[in-house]
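This report concerns only the one structure given below.
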Amino acid sequence: MGTGRLIIDLDAVVANWRALDDMTTCRTGAVVKANGYGLGAANVCKALFKAGVRQFFVAVAEEAVPIREELGEKPDISVFSGHMPGDTELIRALNLTPMINSIDQLTHHFETLPGHSFGIQLDTGMNRLGMEAQEWGAIAELALAQNPTLVMSHLACADEPDHPMNAYQLENFHQMTDGINVPRSLAATGGILLGPEYHFDLTRPGIGLYGGLPFETATQAVELELPVIQVRELAEGEVVGYGNTWQAERPSKIATVSGGYADGIARILSDRATLFHGDIPCKLVGRVSMDLLTIDITDLPDVPRKLSLIGPHQTIDDVAKAANTIGYEVLTQLGARYNRKTFGK
Ligand SMILES: *Cc1c(COP(=O)(O)O)cnc(C)c1O
């Protein structure tokens with residue numbers, strides 16, 4: 001088989017959810033936007049539902065379709081983008097709960113789906129989604145009279161525990177919501193780790209479920225192995241790949257493996273990434289192509305059938321660091337061409 005093999009461990013996802021759930025005394029939901037951070041939303045939700053998760057979050061209404069197909073009516077599915085024009089039929093048919101972001105959305109929701117569930121998203125300083133204090137002040141009474149399921153906000157700097165923004169947003173959230181009789185939610189993965197004053201009634205972890213930072217003790221949930229298609233011997237001075245960016249400084253053995261930027265292996269990893277054969281690191285040399293990588297295996301004792309990009313010796317965050325990005329992006333870019341093997345519940 002010519003494609004890379006992406007191994008997805010749902011038991012690890014469940015173990016991560018349990019570990020994050022154990023850090024709080026409140027309810028723990030699960031964020032499964034972007035196809036479950038690239039791992040497959042339906043499979044992830046099925047495993048988490050079995051483990052007891054009843055509240056899922058997606059970014060946009062369309063992402064709820066495979067989850068409802070898999071799990072039926074039982075879990076709550078909330079939508080961070082709220083109630084957008086054109087979403088009404090989907091929100092009604094799939095019984096989704098939009099997290100309302102503005103007075104416009106609230107008006108549209110009440111007009112088109114009176115009596116239908118909704119939550120409220122507040123902006124406590126991130127300036128991205130949600131109502132600001134003044135807007136909320138104007139309609140809070142009206143909205144609260146219709147029994148929202150949740151009032152939530154999102155932290156901008158929760159992965160930096162000492163950042164003053166955390167306390168600032170916490171204070172704003174208190175000012176905007178203290179005394180209301182509705183469940184509240186502020187923390188994603190980073191917020192859970194900040195401590196109990198950030199937990200409120202429900203947490204919304206995403207990245208931690210999938211093994212990423214800032215959840216340092218997470219269990220890794222994916223492995224990625226790329227098959228070796230060809231191996232060749234180079235004389236000193238020969239070059240490799242587009243633009244001839246790498247030149248052999250000694251007689252070298254180069255493995256060409258299947259996988260490239262079309263599979264989400266960022267081109268910035270050219271001459272920067274490391275792949276593993278067992279526990280032996282092998283340098284990626286030359287440019288990342290659309291479908292191929294070239295790896296220096298000169299120092300390996302044998303010719304491998306495959307090399308590992310994500311696995312026991314290299315986490316998604318290690319790859320992210322080499323690519324000058326974050327684990328979230330590495331996961332959500334994982335390519336559609338891989339041969340996906342999903343294990344666990
Ligand atoms: C993505 C997202 C989350 C999950 O964040 P993680 O850092 O992945 O845990 C929670 N809440 C909102 C509003 C989000 O956009």
Side-chain angles (χ1 to χ4, degrees), residues 13 16-21 23-24 26-39 41 44-45 48 53 55-61 63-64 76-84 96-102 105 118-131 149-161 163 165-166 169-170 172-173 177 183-195 198-219 221-222 315-317 320 325-334:
V13 175
N16 288 329
W17 182 83
R18 291 215 168 99
L20 291 165
D21 184 51
M23 290 177 193
T24 75
C26 65
R27 280 182 293 140
T28 305
V31 177
V32 295
K33 60 192 179 187
N35 193 27
Y37 287 48
L39 275 64
V44 164
C45 288
L48 288 173
V53 182
Q55 198 141 15
F56 294 103
F57 291 88
V58 292
V60 294
E63 292 180 323
D76 289 326
I77 306 178
S78 296
V79 183
F80 289 140
S81 60
H83 191 148
M84 293 289 287
L96 309 179
T97 305
M99 298 289 116
I100 298 294
N101 289 297
S102 64
Q105 284 199 350
F118 69 99
I120 297 284
Q121 185 155 200
L122 300 176
D123 192 298
T124 49
M126 188 176 185
N127 286 309
R128 194 181 64 168
L129 272 185
M131 294 185 219
T149 58
L150 190 70
V151 173
M152 59 165 283
S153 186
H154 192 53
L155 297 168
C157 304
D159 57 341
E160 297 176 57
H163 202 296
M165 187 68 169
N166 296 319
Q169 288 193 265
L170 178 63
N172 283 344
F173 194 55
T177 63
R184 295 186 284 178
S185 176
L186 181 60
T189 303
I192 295 173
L193 303 171
L194 289 179
Y198 288 86
H199 296 167
F200 293 90
D201 301 298
L202 174 79
T203 62
R204 313 182 308 269
I207 192 69
L209 306 175
Y210 310 105
L213 289 175
F215 186 23
E216 286 180 15
T217 56
T219 306
V222 295
T315 67
I316 53 168
D317 286 290
T325 181
I326 52 178
Y328 299 72
E329 194 176 28
V330 170
L331 284 182
T332 55
Q333 295 304 307
L334 287 169

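In each ligand, atom 1 is the first atom listed, and ligand 1 is the first ligand listed.
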Counting only N and O atoms by type, is there a donor-acceptor contact under 3.5 Å from the side chain of D317 to the main-chain atoms of G212? no
Polar side chain donor-acceptor pair, T28 to D21, under 3.5 angstrom: yes
Should the pair F57 and F80 be assigned to parallel (<30°), tilted (30 to 60°) or perpendicular (>60°) ring geometry? parallel
Option passing side-chain hydrogen bond (donor to acceptor under 3.5 Å, both in side chains) with S153 (candidates T124, D123, N172): T124
Check whether any side-chain N or O of Q105 sits under 3.5 Å from a backbone N or O of M84 as a donor-acceptor pair, and report yes or no. no
Please output the residues near ligand 1 using a strict heavy-atom distance under 4.0 Å, listed in chain and residue-number order. V31, K33, Y37, F80, Q121, R128, M152, H154, A188, T189, R204, P205, G206, I207, Y328
Kindly say whether H199 contributes a backbone atom to a donor-acceptor pair with the side chain of T203 at under 3.5 angstrom? no
